[in-house]
Amino acid sequence: MRAISQPLIDHRGPKFATLLREVLKGLRDVFQTTKGHVVLYPGSGTGAWEATIVNTLSPGDQVLGCVNGHFSALFCQTARAHGIEVDMIEVPYGVGIPADRVEERLHADKNHKIKAVLVVHNETSTGVTSNVAAIRHGMDRAKHPALLLVDAVSSLGSIDFRFDEWRVDVALTGPQKGLMLPPGMAILAVSEKALQASGSAQCPRSFWDWAPVLERNSRGEFPYTPATALIFGLKESLSMLAEEGLPNVFWRHARLAEACRRAVRAMGLELLAKNHQEHSSTLTAVCMPDGFDSDAFVAHAQKSLDLSLGIGLGQVKGKVFRVGHLGSLNELELLGSLAGVEMALRSFGIAVPIGAGLAAAESYLLETPAHVAGP
Ligand code: PLP
């Protein structure tokens, strides 16, 4: 926040060009790519969906949309809005995308009509992380040339995401989650293959056209007025991630997430995410006990304790509440939130044992090391 509140600089001047080069390099490190191109727009994650679709596809194209929650459904909806035919693999809320089903569908598509596979790495509505590496292997086994388009909005910068290794074609995110910034940007990493696809993609595009952005960025500027203050902040947040080291960042989130899940279970509540290996490191969706509405509970927590929890979205509206543990977060902040959850549940009329969740989280945190690398 302090970095953002500096006086602005001329976005066509030399200082800005140096700043832009630094943040583009830092973002490539966080996407874990040396080959990908980073594109920055003013916008949000929703804009990043649109940028991904309009730059790579044409109306009438067929894509394979992998849906396991609210945000993956909306990603597909963005494609449909541009005249793209979305063939879906749909699984219940609470589970990840099965790579073998992606492989099966692509294998059956002998004429390669499917132009892209759309996946959300971390479903923010359910607290489930899908295995993008396995999906890539499935695509390889099917020997299918479709583009791999991945929403990394609630994973990048908090959960291991490997753009080059998984051969992702477009990864998209926003600044307000793992990058720890206020909202206001759409951020893409783009492969050479996706750049080539954009040469023949026919979706109408103007603001979201990445060609002028890439061209002007290579000269240290933008084709329009960029979100300069956010770019100051981005430089700082990228330095913070680099100082901590990505392996430590990923471990910090994995560890805090496990502490949160243990707390939830000790409160006698159930997780929405079904499979241990798919549990999200950035948020936990908790099933509301029968007879209680989670929207009303979230409003109660806000009103009684000024505690912000996530509501249930899409098919689980009213049925789950979500605890966010992504981006800038430490042990005590998590424990404070968990204490708030216990108090709010009790005052809402749910008989959770006071302190049980906190004790489970504290014990786990005491038993596990805080760092994986460095001092
Ligand atoms: N994708 C995912 C996985 C999200 O969690 C969100 C928002 O939370 C979005 C896309 C949309 O991003 P935004 O709200 O920045 O438009």
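Order of listing sets the numbers, starting from 1, for every ligand and every atom in it. Position 1 is the first residue of the sequence; numbering continues from there.
- Near T124, the atoms of ligand 1 lying under 4.0 angstrom from a non-hydrogen atom of the residue are 2 (C), 3 (C), 4 (C), 5 (O).
- Between F163 and F31, the ring planes are perpendicular. Angles over 60° get that label, and only those under 30° would be called parallel.
- Atoms of ligand 1 lying under 4.0 Å from any heavy atom of Q176, numbered from 1 in the order shown and given with element: 13 (P), 15 (O).
- Between S44 and ligand 1, at least one N/O pair is under 3.5 Å apart.
- W49 and F71 have tilted rings, their planes meeting at an angle from 30° to 60° on a 0 to 90° scale.
- Checked by distance only, ligand 1 and D151 come closer than 3.5 Å through their nitrogen or oxygen atoms.
- Short contacts between ligand 1 and K177, defined as distances under 4.0 Å to a heavy atom of the residue, involve ligand atoms 5 (O), 7 (C), 8 (O).
- A donor atom on one side chain and an acceptor atom on the other are found under 3.5 Å apart for S155 and H121.
- Every atom of ligand 1 with a heavy atom of G45 under 4.0 Å away is listed here by number and element: 12 (O), 13 (P), 15 (O), 16 (O).
- Note: H11 and F16 have perpendicular aromatic rings, judged against thresholds of 30 and 60 degrees for the angle between ring planes.
- Nearest protein heavy-atom neighbour of atom 9 (C) of ligand 1: F71 CD2, 3.7 Å.
- Put simply, the side chain of Q202 gets close to the backbone of S200: a donor and an acceptor are under 3.5 Å apart.
- Using modelled atom types and a 3.5 Å distance limit, the side chains of E278 and S130 yield no donor-acceptor pair.
- A donor atom on one side chain and an acceptor atom on the other are found under 3.5 Å apart for E192 and H37.
- Taking atom 11 (C) of ligand 1 as the reference point, the nearest protein heavy-atom neighbour is T46 OG1, 3.6 Å.
- The closest approach between any non-hydrogen atom of F75 and ligand 1 is not below 4.0 Å.
- W49 CZ2, 3.1 Å is the protein heavy atom nearest to atom 10 (C) of ligand 1.
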